[in-house]
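Data first, discussion second: the structure below is written as structure tokens.
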Amino acid sequence: MNTRIDYPERGAAGPGVAVINETTVIPATPESAVSWSAIFVGAVAAAALSMILLILGVGLGLSSVSPWSFEGVTKETFGWASIAWLTFTALAASGLGGYLAGRLRTKWTRLHGDETYFRDTAHGFASWAVATLLTAGLLTSAIGGVLGAGAKVAGATAGAAASTAGVAAAGAGSAVAMDPEQGDLGYWVDSLFRRAPGTDAAPGTPPPPGAAPTAPDAAVGPAMAGPATPRVAPPRPMPGPGMGDRREVRAEVNRIIVTSLQGQGLSPADQQYLGQLIARETGMSQAEAEARVTDIQTRMRAALEEAKNTAKQAADDARKATAYAALWLFITLLIGAFVASLTATWGGRRRDL
């Protein structure tokens, strides 16, 4: 812009004419402190590298373990190797993302060195944060599987232990509803009615087909002949020897056992009744039958206690594994944030050369 001032007393073309030139100063365009394009490029690169390294780690881990005995690495070695691989993944991915975020940012001018260093650090941290969110979004199912593995293993182990013991409280009702010969308590019921080797058939059992009938008094000598001694009636009506009645007896015994396990034990009346059933089926005496009931009850409670301890131990091991995994994941993420911020300052310094 040119401005000319003429002084009339000296004349328009006189030698004393003064000319003043003014230059308009255009203000500089303000520079953005954040380069989002560079941040997103670094975040995408870090997320992609993380996924590649995680897939590689899964393949290496599965190839190093085996369900067969004396094959593969131990669980301690596998755990430490997993931690080392996760740390390496965080270092590599975060370093790449932070370096790209610092190297691809806009070049800042007229800034103090400390401000440039702070902005580069912020770019690296922002790139790490975006990459972490992207990775979590892409691997939501995998992360949920890792964190919930403990609970799943504990539940599966507890269910297997309870099934082995045969007396899980939650499955007591279903054990009663099922066929007593196929339910969870079938083994214990069979143990109650098991006959000793070489024992004759139980009283009241029908003879096999084709066998010669035996006279009622054939086994009684002449001196023993006489009026029959009246028998004392049992406290409950005893079922017949038919196949259908036997199934009902086993179902009833099943219900009695389940009730005793849910309570404090067998009542005297139930123990006496079970002893009578066992004595009738096996030919044992009443005292021997009741002793067998007591022994089976003790063994069942011991099996139940062992199953509970096994389930508790499995749950405790899963709790410890989940806690260690969460703590190491936290430490790994912090290391990744630091490395991303540091490499972003290196990339920014190269950008300003």
Return a table of donor-acceptor pairs under 3.5 angstrom between the side chains of residues 83-93 and protein atoms on other chains or two or more places apart.
residue, atom, partner, partner atom, Å
W85, NE1, L53, O, 2.8
T87, OG1, I83, O, 2.9
T89, OG1, W85, O, 2.8

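Checked against side chain to side chain donor-acceptor pair (under 3.5 Å), N309 has no partners two or more places apart in sequence or in another chain. The ring-ring contact (aromatic ring centres under 6.0 Å, His included) check on F125 picks up W128, with sequence neighbours excluded. Take E115 and apply the salt bridge (Lys or Arg N to Asp or Glu O under 4.0 Å) test, not counting sequence neighbours, and it matches R119. Residues that satisfy the salt bridge (Lys or Arg N to Asp or Glu O under 4.0 Å) test with K320, not counting sequence neighbours, are D316. The side-chain contact (heavy atoms from CB on, under 4.5 Å) search around T77 returns V73, T74, not counting sequence neighbours. Every side-chain contact (heavy atoms from CB on, under 4.5 Å) that L334 has, sequence neighbours left out, goes to F330. Residues meeting the side chain to side chain donor-acceptor pair (under 3.5 Å) test with S267, sequence neighbours left out: D270. The side-chain contact (heavy atoms from CB on, under 4.5 Å) test applied to E290 returns Q271, Q272, Q286, not counting sequence neighbours. R301 is linked by a salt bridge (Lys or Arg N to Asp or Glu O under 4.0 Å) to nothing, counting only residues two or more places apart in sequence or in another chain. Partners of T345 according to the side-chain contact (heavy atoms from CB on, under 4.5 Å) rule, which considers only residues two or more places apart in sequence or in another chain, are Y117, D120, T121, L342.
R292 is listed as a side-chain neighbour of I296, based on a closest heavy-atom distance under 4.5 Å. Looking only at side-chain heavy atoms (C-beta outward), Y99 and R350 come within less than 4.5 Å of each other. Two residues are said to be in side-chain contact when any heavy atoms from C-beta on lie closer than 4.5 Å; F338 and I335 fail this criterion. A heavy-atom distance below 4.5 Å is not found between the side chains of Y324 and R319.
For the pair S260 (side chain) and I257 (backbone), a donor-acceptor distance under 3.5 Å is present. Side chain of S94 to main chain of A340: no donor-acceptor pair is present (N/O by atom type, distance under 3.5 Å, no hydrogens or angles). Under the 3.5 Å distance criterion, the side-chain polar atoms of R105 are left unmatched by any main-chain donor or acceptor of V34.
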inquiry  = Run the side chain to side chain contact (heavy atoms under 4.5 Å, CB included) test on W188 and Q297 for me, step by step, so that the C-alpha distance in whole Å, both residues' side-chain angles and the decisive distance to 0.1 Å come before the verdict.
reply    = CA-CA 9 Å; W188 302 106; Q297 183 78 1; over 6 Å; no
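Each of V339 and L49 belongs to its own hydrophobic cluster when Ile, Leu, Val, Met, Phe, Trp and Tyr are linked at side-chain heavy-atom distances under 4.5 angstrom. No path of Ile, Leu, Val, Met, Phe, Trp and Tyr side chains, each step under 4.5 Å between heavy atoms, connects L96 with I39, placing them in separate hydrophobic clusters.
Sorted by first then second residue, the side chain to side chain donor-acceptor pair (under 3.5 Å) pairs that include residues 33-49, not counting sequence neighbours, are S35-T106.
Note that CG of D190 and CZ of R194 are 7.0 Å apart. Values are rounded to the nearest 0.5 Å.
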